[in-house]
Student: 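Below: one structure in C-alpha cells.
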Amino acid sequence: SGTSVRTTAIALTIDVKGADGNTAYRYTFAKTTGDPAAGSETSTFDSKLTTSTTTTDPVLERLVGQDKNVLYLDFGSSGTMPYDVEVTFQTGMKAGTVAKLYWYDSDESKTVESQSVTVQEGGWATVTLSHFSTYFLKAPVSSDSGSSSIWFFVLGAFAIVVVLGAAVYL
C-alpha cells in the first residue's frame, strides 16, 4: 500500500520592499491541514500591489462615488487562491480606525462587503483574502467636525425658540 504525505502548518511570508528599502506590503500564505478548494489552483503569483486614492475604472468610480476616505487596492495577481492569504499594507489612516473592505465584482457591476478592518499602529492594516480582485478600503467619514456644528445649530435654534416663546408669554 502507498503512503500519503500531507504538509501541515506551513506559512510563507513575502515582504515586498519599497524604494526606501522598508517593507511596503506583506503577503502571508498560511497552509493548514486540508485540501485546497476545488478549482482554485493558481499557476503564477504576481506580488505587485498598487494602492491609490483614485481609480481609473469608471464603473467602480460611479459605484463608490467621490468619497475621499477610500483606498483602492489593485493586485498584480487575479483569481482564487488555493488557500487564504493575509495581506498587510500601509493605509495612511489613523490607528484605531475601523474601515470596511469591499471587492469589486466586475461581472455583476457591484461592490461586495468583505470584512471589517481595524487599522493598527503606524497606519498598517491586515486583510484576509480568498481571491485577488480589485478591492477598496473605506473609512468612515470623521464625525468630529460636522456633527458638533450641527449640534450648535440645533441648540441655537432651540434657544431662539425658547426666548421667543418667553417673550410672547410675558
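FYI, the numbering just counts along the sequence from 1. Owing to the predicted nature of the structure, the values given are computational and were not obtained by experimental measurement.
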Student: May I ask you to check whether over 12 heavy atoms, not counting those of Glu113, lie within 6.0 Å of atom CD?
Tutor: yes

Student: If I take atom NZ from residue Lys48 and atom OG from residue Ser77, how far apart are they, to the nearest 0.5 angstrom?
Tutor: 11.5 Å

Student: Looking only at heavy atoms, which two atoms of Gly18 and Ala24 are closest? And how far apart?
Tutor: N-CB, 3.8 Å

Student: Identify whether Trp124 and Val98 are in the same connected component of the hydrophobic contact network (ILVMFWY, side-chain heavy atoms under 4.5 Å).
Tutor: no

Student: Measure the acute angle between the ring planes of Phe132 and Phe75, then classify it against the limits of 30° and 60° as parallel, tilted or perpendicular.
Tutor: tilted

Student: When clusters are formed by joining ILVMFWY residues with side-chain heavy atoms under 4.5 Å apart, either directly or through shared neighbours, do Val87 and Met93 land in the same one?
Tutor: yes

Student: Side chains of Leu49 and Tyr27: closer than 4.5 Å at any heavy-atom pair?
Tutor: yes

Student: Could you state whether Leu63 and Val70 fall into the same hydrophobic cluster, counting links through intermediate Ile, Leu, Val, Met, Phe, Trp or Tyr residues with side-chain heavy atoms under 4.5 angstrom apart?
Tutor: yes

Student: Output the distance between atom OG1 (Thr23) and atom CG (Asp15), rounded to the nearest 0.5 Å.
Tutor: 4.0 Å

Student: In terms of hydrophobic clustering (I, L, V, M, F, W, Y; side-chain heavy atoms under 4.5 Å; direct or indirect links), are Val117 and Trp103 co-clustered?
Tutor: yes

Student: Going through the distances and angles, do Val127 and Tyr135 end up as a side-chain contact (heavy atoms from CB on, under 4.5 Å)?
Tutor: CA-CA 11 Å; Val127 297; Tyr135 287 82; over 6 Å; no

Student: Do the side chain of Glu108 and the main chain of Ser106 share a donor and acceptor less than 3.5 angstrom apart?
Tutor: no

Student: Just verifying a value: how many Å separate Thr28 OG1 and Arg26 CZ, rounded to the nearest 0.5 Å?
Tutor: 6.0 Å

Student: What distance separates Tyr72 OH from Leu137 CG, expressed to the nearest 0.5 Å?
Tutor: 11.5 Å

Student: If hydrophobic clusters are built by linking Ile, Leu, Val, Met, Phe, Trp and Tyr wherever their side-chain heavy atoms come under 4.5 Å apart, do Leu101 and Val112 end up in the same one?
Tutor: yes

Student: Show the nearest heavy-atom pair for residues Ala99 and Pro140, with the distance to one decimal.
Tutor: CA-CD, 4.4 Å

Student: Does the side chain of Tyr104 come within less than 4.5 Å of Thr55's, by heavy atoms?
Tutor: no

Student: Is any side-chain heavy atom of Thr91 closer than 4.5 Å to one of Thr51?
Tutor: no

Student: Please round to the nearest 0.5 Å and tell me the distance separating atom CG of Asn22 and atom CG of Asp20.
Tutor: 4.0 Å

Student: How about Phe29 and Ile14: do any of their side-chain heavy atoms sit closer than 4.5 Å?
Tutor: yes

Student: Looking at Lys100 and Ser116, what are the two nearest heavy atoms and their distance?
Tutor: NZ-OG, 3.2 Å

Student: State the CG-OG1 distance between Leu129 and Thr80, to the nearest 0.5 angstrom.
Tutor: 11.0 Å

